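Each remark here refers to the structure printed beneath this line.
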Protein chains: 2
Amino acid sequence: MAAEDDTALGDTVERFSQARSAQSQALLEDYTEMIDDLLREVGEARITDIARHMGVTHPTATKAVSRLKREGLAQSRPYRGVFLTEAGLAMAERVRARHRVVVDLLVAVGVPAEAAELDAEGIEHYVSDTTLAAFEAFLAARR
Amino acid sequence: MAAEDDTALGDTVERFSQARSAQSQALLEDYTEMIDDLLREVGEARITDIARHMGVTHPTATKAVSRLKREGLAQSRPYRGVFLTEAGLAMAERVRARHRVVVDLLVAVGVPAEAAELDAEGIEHYVSDTTLAAFEAFLAARR
DNA sequence: ACAAAAGTGTAGCCATGGCTTCATTTTCGC
DNA sequence: GCGAAAATGAAGCCATGGCTACACTTTTGT
């Protein structure tokens, strides 16, 4: 038969679907955060800079920025830098805070700082609000 | 200028590149683990079952299995089920163990079990060996 | 035993996120 | 102030991972 025996396998569909949909969001978050970083530290976010820091070519960065604009997260005018909208800034702030919490938690449980920084980049996108709250509580209790 | 000021932004390229390349591996791992689960619990892994549990259509599962075969992780004959090679079994075992450690760690730091299970599905793929070792050490110390 | 149902395979489409190439526009250095 | 260098834009290619549609096996039920 091997058809209806879902018993031990649980709601795998939900789990995987959710993990997959998180991926599309991850890119938006990464670019948004990078643009915010550049705006803060360099004063402007130009396509070339974004591309270089993201490790992609400039057309790829242009495409990503187009998507950010489509999603209402960024604005830009030809040959001018890229800027974040209110929504974009909010996302950047949220992502930045989450990233910090994730890194802190990893370090708190004994992960070497360098590995923590590296892994957090991938991990952070899959940390739900619930989990994030738990991380914060754990860190607060430790402190 | 806004061009060479990499100072505060660090090696972002490496981080992002690594996170991106991890994604392609994630799918292989997920399918491999699912096939292993099915083989263990149902006795066979058929395309339709794999598809259903992964939340995709059967042609998508077929493509994924093709890729697994290409990578030497699985074997299959038309209209027969899918089986894992030695390498596939090894990967499944590794993935399964890592998954368990990640869930355990999340729970250990206070994440509700359900959220831990859900988030682990995305997180696990980005946990490096270094971080995994740290998780294990943390759990061992707690126990 | 054989028709219907279920499973599988194959082809081809779409979106995404990379890429290269080339044209155009800015910016810079002299 | 102008020519060269750098940045940007636009077009088009590739692979991946989804999908639908349709053809063909295999299994199943009567």
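Worth saying up front: this structure is predicted, and the values here are computed from it rather than measured. All chains are named by letter (A, B, ...) in the order of the sequence lines, taking the proteins before the strands, and each is independently numbered beginning at 1.
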Least distance between heavy atoms, G122(B) atom then Y126(A) atom: CA-CD2, 3.4 Å

Both R80(A) and T62(B) contact DNA chain C. Taking the nearest nucleotide for each, which residue is further toward the 5' end? T62(B)

Taking the side chain of T48(A) as its heavy atoms from C-beta onward, which of dC19(C), dT8(D), dG9(C) lies nearest to it? dT8(D)

Could you work out which one of dT8(C), dG18(C), dT16(D) sits closest to the side chain of R46(B)? dT8(C)

Could you give the CD1-to-C1' distance, from I47(A) to dC19(C), as a whole number of Å? 16 Å

Check for me, please, whether V101(A) and F135(B) land in the same ILVMFWY cluster - side-chain distances under 4.5 Å, paths through other members count. yes

Using the 3.5 Å cut-off, write out each protein N or O paired with an N or O of nucleotides 21-24 of chain C and the distance between them.
| residue | atom | partner | partner atom | Å |
| --- | --- | --- | --- | --- |
| dT24(C) | O2 | Y79(A) | OH | 3.2 |

Pick the nucleotide of DNA chain C nearest each of P78(A) and T57(A); which residue has the one closer to the 5' end? T57(A)

What's the separation between atom CG in D37(B) and atom CZ in R40(B), rounded to the nearest 0.5 Å? 7.5 Å

Are R98(A) and E29(A) within salt-bridge range, i.e. N to O under 4.0 Å? yes

Between C1' on dG17(C) and OH on Y31(A), what's the gap in Å once rounded to a whole number? 8 Å

Nearest to the side chain of R70(A) - dT16(C), dC19(D), dG18(C)? dT16(C)

